[in-house]
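Below is one structure, written out as structure tokens; the observations come after it.
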Amino acid sequence: MKKIILVGGAMGVGKSTVCGIIKQQLPRCVFLDADNLWDMHPFTVTEATKSMVLDNIRHCLLNFIHCADIDTIVFCWVMHQQEIIDTIKSFLPTDLVEVYSFSLVCRPEALRGRLQKDIDRGTRQQDVIERSFRYLPLYADLDTVTIDVSDIDAKETAHEIVRRCFQGEE
């Protein structure tokens, strides 16, 4: 049975970095960052673009699931609402996959530091701090395994996720 690892969290918490590490740790693994499925300029969030990205996610996940050369799919996105997670899970053939859902969270001061580094590098705009802070409390209400990454690095976080998904398998 294939494994799908869903990793959510506020902007800047480290989802993409952690998922990239997981991809390197596991054989026959693919990493899908949903942000790439609606990377457009100007970036707009409308009902049409939200519908489009969900359709893109569905197609990509199903293509990866049906590829015989892939055993594990690592997927990340902001996923701050249970409805988003449930919608993504609804795309998945439950007879073919095991799904593991994680939310990465951190203390506001740790998140601010991570985001400021991105702002200083020019990879994010200043307004991301306020937007990301608004998302942080939403992860407490989700049906996911929550991992506080305030004091651990991306490698440790990736190791913890892999351990939880593969414990008992050797």
Side-chain angles (χ1 to χ4, degrees), residues 2-40 43 45 50 53-54 56-57 60-61 64 70-89 92 98-167:
K2 294 188 186 227
K3 294 186 187 294
I4 298 185
I5 302 171
L6 304 178
V7 179
M11 288 91 47
V13 78
K15 299 178 301 294
S16 297
T17 302
V18 167
C19 290
I21 293 168
I22 293 170
K23 178 186 77 174
Q24 295 302 318
Q25 289 179 348
L26 298 175
R28 299 167 49 96
C29 182
V30 65
F31 166 35
L32 175 60
D33 187 332
D35 284 348
N36 295 328
L37 300 177
W38 66 342
D39 185 3
M40 59 187 156
F43 181 75
V45 179
K50 287 192 284 188
V53 75
L54 286 170
N56 288 345
I57 290 167
C60 286
L61 287 175
F64 289 138
I70 296 171
D71 292 332
T72 306
I73 301 155
V74 181
F75 173 86
C76 78
W77 203 22
V78 172
M79 294 189 286
H80 59 292
Q81 299 168 329
Q82 189 64 44
E83 178 184 3
I84 295 169
I85 297 167
D86 292 344
T87 298
I88 291 166
K89 285 182 173 182
L92 307 174
E98 292 177 281
V99 181
Y100 300 84
S101 299
F102 297 89
S103 293
L104 305 184
V105 299
C106 64
R107 293 185 306 273
E109 62 273 12
L111 183 58
R112 179 181 300 278
R114 292 170 187 218
L115 289 168
Q116 191 61 54
K117 286 179 187 175
D118 290 347
I119 292 165
D120 293 346
R121 280 193 298 263
T123 58
R124 295 188 194 267
Q125 300 299 311
Q126 188 68 38
D127 69 329
V128 73
I129 294 175
E130 180 185 325
R131 287 186 296 119
S132 195
F133 277 22
R134 284 196 311 260
Y135 283 78
L136 267 182
L138 302 176
Y139 291 93
D141 297 327
L142 302 180
D143 183 19
T144 62
V145 174
T146 302
I147 299 175
D148 188 328
V149 299
S150 300
D151 298 316
I152 60 175
D153 67 19
K155 286 183 183 178
E156 291 170 293
T157 305
H159 177 77
E160 177 63 14
I161 290 172
V162 169
R163 185 189 69 74
R164 288 175 181 253
C165 294
F166 292 89
Q167 62 190 5

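Note: hydrogens, waters and symmetry copies are ignored here, and every other heavy atom, side chains too, is used.
- Inter-residue side-chain proximity for Trp38 and Lys50 is flagged as met; some heavy-atom pair is nearer than 4.5 Å.
- Side-chain contact check for Ile88 versus Met79: some heavy-atom pair is nearer than 4.5 Å.
- Judged purely by atom type and a 3.5 angstrom limit, Lys15 uses its side chain to pair as donor or acceptor with the backbone of Ala10.
- Put simply, SG on Cys76 and CG on Leu104 are 9.0 Å apart, with the number rounded to the nearest 0.5 Å.
- The CG atom of Leu92 sits 4.0 Å away from the CD1 atom of Ile4 when rounded to the nearest 0.5 Å.
- The heavy-atom pair separating Pro108 from Phe133 by the smallest distance is O-CZ, 3.3 Å.
- The CG atom of Leu32 lies 8.5 Å from the CD1 atom of Ile73; values are rounded to the nearest 0.5 Å.
- In this structure, SG on Cys60 lies 11.5 Å from CG on Asp33, to the nearest 0.5 angstrom.
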Requested in this report: Report the C-alpha distance between Ile85 and Asp143 in whole Å, list the side-chain angles of each, state the deciding distance to 0.1 Å, and finish with yes or no for side-chain contact (heavy atoms from CB on, under 4.5 Å).
Outcome: CA-CA 9 Å; Ile85 297 167; Asp143 183 19; over 6 Å; no
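- Of all the heavy atoms in Gln116 and Gln126, the pair that sits closest is OE1-NE2, 4.0 Å.
- The minimum heavy-atom distance linking Arg164 with Val145 is given by the pair NH1-CG1, 3.2 Å.
- A donor-acceptor pair under 3.5 Å is formed between the side chain of Glu156 and the backbone N or O of Asp153.
- With a 6.0 Å cutoff to the six-membered ring centre and a 45° limit on the axis angle, Lys3 does not count as a cation-pi contact of Tyr100.
- The side-chain heavy atoms of Cys165 and Phe102, taken from C-beta on, include a pair separated by under 4.5 Å.
- A 4.5 Å side-chain heavy-atom check between Ile22 and Thr72 finds every atom pair outside the cut-off.
- The pair Asp118-Arg121 meets the salt-bridge criterion, with a side-chain N (NZ, NE, NH1 or NH2) lying under 4.0 Å from an Asp/Glu carboxylate O.
- Taking CG from Leu136 and CE from Met11, the interatomic distance works out to 9.0 Å, rounded to the nearest 0.5 Å.
- A donor-acceptor pair is defined here as one N or O able to donate and one able to accept, closer than 3.5 Å; such a pair exists between the side chain of Tyr139 and the backbone of Gly9.
- Here the closest non-hydrogen pair linking Leu26 and Cys29 is O-CB, 3.5 Å.
- The two atoms that bring Leu111 and Gly12 nearest to each other are CD1-C, 3.7 Å, heavy atoms only.
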Query raised in the report: Given Ile152 and Ile147, is the side-chain contact (heavy atoms from CB on, under 4.5 Å) satisfied, shown in steps?
Result: CA-CA 10 Å; Ile152 60 175; Ile147 299 175; 4.1 Å; yes
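- Between the CD1 atom in Ile84 and the CG atom in Leu6 there is a gap of 12.0 Å [rounded to 0.5 Å].
- Sorted by first and then second residue, the side chain to side chain donor-acceptor pair (under 3.5 Å) pairs with a member in residues 105-115 read Arg107-Glu109, Arg107-Asp151; sequence neighbours excluded.
- Scanning all heavy atoms of the two residues, the minimum distance from Leu115 to Ile129 falls at CD1-CA, 3.8 Å.
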